[in-house]
Every structure is written in structure tokens, then in C-alpha cells.
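Worksheet for the structure shown next.
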2 protein chains.
Amino acid sequence: MSSDGGAANRARPAAETSRAPRRRVGRPPRRDDDPAAERNRWEVLRAAARAFMQHGYASTSIDTVADVLGATKGRVYYYYRSKADLFFDLHRVAMEMNLDAIRPIATGPGSPSERLERMILAHVKLVLDELPLQCVSVQGVQMHLAGSTTPTQRKVLDRLIEARDEYERHFIDVMAEGIVAGEFRDCDPRTLVKPLLGALNWMTIWYRPRPGDTEESRRHIAHEHAAFLMRGLLS
Amino acid sequence: MSSDGGAANRARPAAETSRAPRRRVGRPPRRDDDPAAERNRWEVLRAAARAFMQHGYASTSIDTVADVLGATKGRVYYYYRSKADLFFDLHRVAMEMNLDAIRPIATGPGSPSERLERMILAHVKLVLDELPLQCVSVQGVQMHLAGSTTPTQRKVLDRLIEARDEYERHFIDVMAEGIVAGEFRDCDPRTLVKPLLGALNWMTIWYRPRPGDTEESRRHIAHEHAAFLMRGLLS
DNA sequence: GTCTATACTAGGATAGAC
DNA sequence: GTCTATCCTAGTATAGAC
């Protein structure tokens, strides 16, 4: 997207970055766990995700996010101090969702090949069910490379990269276990995790839900992907 | 990424788009095949590719391109009327390069599986050898989705999408031939071409040449990818 | 909480000197 | 051909009304 967090107004207050909406001076303090506030914040996130999916981070204006939301800038800026803030929080939510889905399978019971197949299917399901969030997640990966961020933002970015690394590591570990167990052929998991996740993440680029989509067509996609990728590893 | 052709100055002259640098009023006409001019134009393209690779299309300013080029805006705008123009021409060059590499293999001699493996290896080689161009090519795919372009640009974009489709079709055709020949298992090439090319295109996102890279490490990457993807199809 | 001004700048594009 | 100077809009972010 492509692209760095860069853009306008670098001169001014250097967009502080944090996960939670912060009270600003002169405003009554808000409980972060206030359910109504949380719901509103969540709606802003969903709108942003859809906007970023359609135009990409750099080309999406806060006005566009507000349009999708059916509101104006003011609402967005009430919950997030900057566009980068918004994106980072979105990325964080997406990564947490992914890890929550994958971690229990990776570290749970079952043979390595069984677990890997379930991880692949879970990842596909995430993409199909939560497309906007997953698109943002993929855009975030690309963003890591373009390092032009403020020091404060960099810290948040680093935490996201860690989460991303943990995600990859779960796949690498299960692949390695499978090789030891003799289920998978002798290959290099550190290298192969890239095309494996790449093949899955690529869905965020070509897949867009259509009126004609059925539960069956989605299952077809999931199974073709899983079979293709599993066979690439099996001995 | 980032992503649509959108941005500033939509109001004004609505950026005409074409492949060749056009003479402007009041300037002496230039031959498109003038070797010196071609070489200069090519240098602008290379600089733009490197800039787009690093920051993404939307976040790259013409000033940045000029910086990479070691010049100023003026030079860039002499060869290209707009940023979108520049990007499209870049994308066109990349697609031509890819098709020139793949087409002869796909339609040439050899068994389907032999040809497919050579196509995969050729594609990997392209990414490793021409990384900036390939990054732009992938960014272009993402751009197609965000349809916000002027009518004139849309026509050029459509031609690029056609090229992209031909590229995919070569892979689909060879996969289908392989199924008929019994070399590949019974699967759905139309669906599987996505993860196959996705796995390869994903390299443009994670691979960046490093000082420690050897010819051997690059061959390792290529062969792991090829083996992984081929085994996913073989019966 | 949300909206309506309003400030301020990065960056696309052009004109014209050289 | 390339550079410098300049124009002008889109878009980030804030202030303050409601």
C-alpha cells in the first residue's frame, strides 16, 4: 500500500501513538471498559478497515473513513488522535484475532499434519469472514518495511512485528514437528512459511465477496487451498 | 498499499495517460526511438521503481523519485505528464518483461510439469533479479481493485489487466494440460493459480537483498519454492 | 459525543529561466 | 533537457459551538 505511515503534518505534534482512546485535557475522563464507548470505538474501527481495504492506507482520508461511518471527522478524531493511531489499533485488533484463532490449534492436541491443516483452514476462514481486518493486517506487513515512522510509533510497530513473528513461528514449529515425525518431507520450514502464508494472504488481494457466493463456493476455496499447501509438504 | 491512483489535484487537467512520452506544445518533436532519450527515460523509470518499492505508490512523492534519480522534479515531468502516467508505464514495462519470460516456456516444448516448473523458476528469478519492477507489478494488482481513476487512465489500466490475465492464463493452461496428461492430480486450476502465483508474488513483500546473500542462498529459495508448489499439484 | 469551521502543509503540476 | 519558482488542492489535525 502501500506504504509508509508518512504523509502530511510532520511538523506539528508528532502523533503520539497508543492502543486505547486517551482522555484529552479538558474532557471528563472515560472508562476504557465503558461498553457504550467501546462499541462506538469499534464502529470507527470497522469503518476504517473497510475504507483501508478499498483504497489502501495512504490513499484513505479521514474524511473517507467518516463517510463510511456515516459521520464526520470529529467522531473519528474523538477516538483516535491520528490516522496512524487508528491504523495501528486496527492492526493490533487483527493480529490478536489471528493469534487467538491459531495459537490453540498449534499448541493443542493432534498430529502435526492434522494441526497444520486446521491452522490453514482457520486462516482461510478468518480471511473470508473478516476480510477488511485481514486486508489491513496484510497492509501492515508491507508497512513495516518502509521504516519512516516517529520513535513513538516505532515502539508500537515493533510490538506488532513481534505478534506477526509469533504467528509465523507457530506455523514454522508445527512444520518442523511434522518433519521430525516423518509426516512431512525434509524441507526448510523457515523458508517455506513465506510461500505458505503468502498463498493464504494473497486472498486478501484477489478475493472480494460477490452476490453469487455460496457457503459451498467458500468451502471449495478453503479446501483447494488447504489440499494444495498440505501436499506441498507431505512426504 | 496503498493504493489507488487518487491524490491531489483532481480538479485540474485530469492527467492524460499514455505509454510514450508525448511532445508538448512549443517543444521540438522527439523521436520515441531516439536512443539517448530512451536511456534517460529508462533511468527515470528505474528510479521510480526503487522509490515505489520502498514507500509504495501513494506515499511516494515525485520529489522522492527525483531524489533517487539525483535530479529535480523537472526532469521527471519532462518524461511523464503525471505520477499515474509514470506508474502505468512502469507497470507496462514490468508486465512485458514477465510475459516475455513466461510465454515461450508455457507454449514451448516439454511435458506440462516440466514447463510449469520452469515457469515457476523463471518467475522467481524475475523477482530476485528485478525486484523493484516486480514490486511495482504487485502494487499494480492491488490498484486495479480501487477503481477510482479517470476514464482515460481506466483504458490504460484495462490493457494492463489484460496482460495480467494472459499471464495467469498461461499458468492455468499448463496446469490444465498436466491434469489431462495425468501428471497433476484432479484439482481446480482456476482457483489454484491464485495461491500459486500468490506464494511467488509474496516474495516481493518479504524478500530484500542483503549483503550476505549468495548465489547459493538465492538458488535455495528458488528450489524450495518450486518443489513446494509443484508437489502441491503432482498426482 | 458529534459537528462545523478553520489552520496549516505536503505534494502534484505548470511556467519559464537557463 | 533540466532546474527554480510558484500555484493550488487535498487532507491532517485542532478549536470551539452545540
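Each chain gets a letter, A, B and so on, in the order its sequence line appears, and its residues count up from 1.
- Salt-bridge annotation for B/Glu166 and B/Arg169: absent, with no side-chain N of the basic residue lying under 4.0 Å from a carboxylate O of the acidic one.
- Residue contacts for A/Thr60: at a heavy-atom cut-off of 4.0 Å it reaches the sugar-phosphate backbone alone, with no base atom in range.
- Summarising the geometry, the separation between OH on B/Tyr78 and P on C/dG12 is reported as 22 Å, rounded to the nearest angstrom.
- Each salt bridge (Lys or Arg N to Asp or Glu O under 4.0 Å) pair with one or both residues in residues 133-144 of chain A, not counting sequence neighbours, would appear here, but there are none.
- The interatomic distance linking A/Arg41 (CZ) with C/dT2 (C1') rounds to 18 Å, in whole Å.
- Distance alone, capped at 3.5 Å, is enough to place a donor-acceptor pair between the A/His225 side chain and the A/Ile221 backbone.
- B/Lys83 contributes no side-chain N or O that forms a donor-acceptor pair with the base of C/dG11 under 3.5 Å.
- The two residues B/Trp202 and A/Lys194 make their nearest non-hydrogen contact at CD1-O, 3.4 Å.
- Between B/His55 atom NE2 and C/dG12 atom P there is a gap of 12 Å when expressed in whole angstrom units.
- The A/Thr72 side chain lies nearest to C/dT4 when the options are C/dT4, C/dG1, D/dC3.
- Distance, A/Tyr80 OH to C/dG1 P: 15 Å, rounded to whole Å.
- Closest approach to the A/Tyr77 side chain among D/dT4, D/dA13, C/dG11 is made by D/dA13 (side chain taken as heavy atoms from C-beta onward).
- Summarising the geometry, the separation between OH on B/Tyr79 and C1' on C/dG12 is reported as 20 Å, rounded to the nearest angstrom.
- In this structure, B/Asp85 atom CG and C/dT14 atom P are separated by 11 Å, rounded to whole Å.
- Between the C1' atom of C/dG11 and the CG atom of B/Asp67 lies a distance of 13 Å, rounded to the nearest Å.
- Of the candidate nucleotides C/dG1, D/dG1, D/dC3, D/dC3 has the atom nearest to the side chain of B/Arg75.
- Distance from the side chain of A/Asp63 is smallest for D/dT12 among the nucleotides D/dT12, D/dA13, D/dT2.
- Candidate nucleotides D/dT12, D/dT2, C/dC3 were compared by shortest atom distance to the side chain of A/Ile62, and D/dT12 ranks first.
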Tell me which donor-acceptor pairs under 3.5 Å the side chains of residues 122-133 of chain A have, and how far apart each pair is, sequence neighbours excluded?
{"unit_1": "A/His123", "atom_1": "ND1", "unit_2": "A/Tyr167", "atom_2": "OH", "d": "2.6"}
{"unit_1": "A/His123", "atom_1": "NE2", "unit_2": "A/Asn201", "atom_2": "OD1", "d": "3.2"}
{"unit_1": "A/Lys125", "atom_1": "NZ", "unit_2": "A/Asp129", "atom_2": "OD2", "d": "2.8"}
{"unit_1": "A/Asp129", "atom_1": "OD1", "unit_2": "A/Arg218", "atom_2": "NH2", "d": "2.7"}
{"unit_1": "A/Glu130", "atom_1": "OE1", "unit_2": "A/Arg46", "atom_2": "NH1", "d": "3.3"}

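- Nearest nucleotide to the side chain of A/Ser61, out of D/dC3, C/dG11, D/dG11: D/dG11.
- Spacing between atom CZ of A/Arg81 and atom C1' of D/dA15 amounts to 15 Å, rounded to whole angstrom units.
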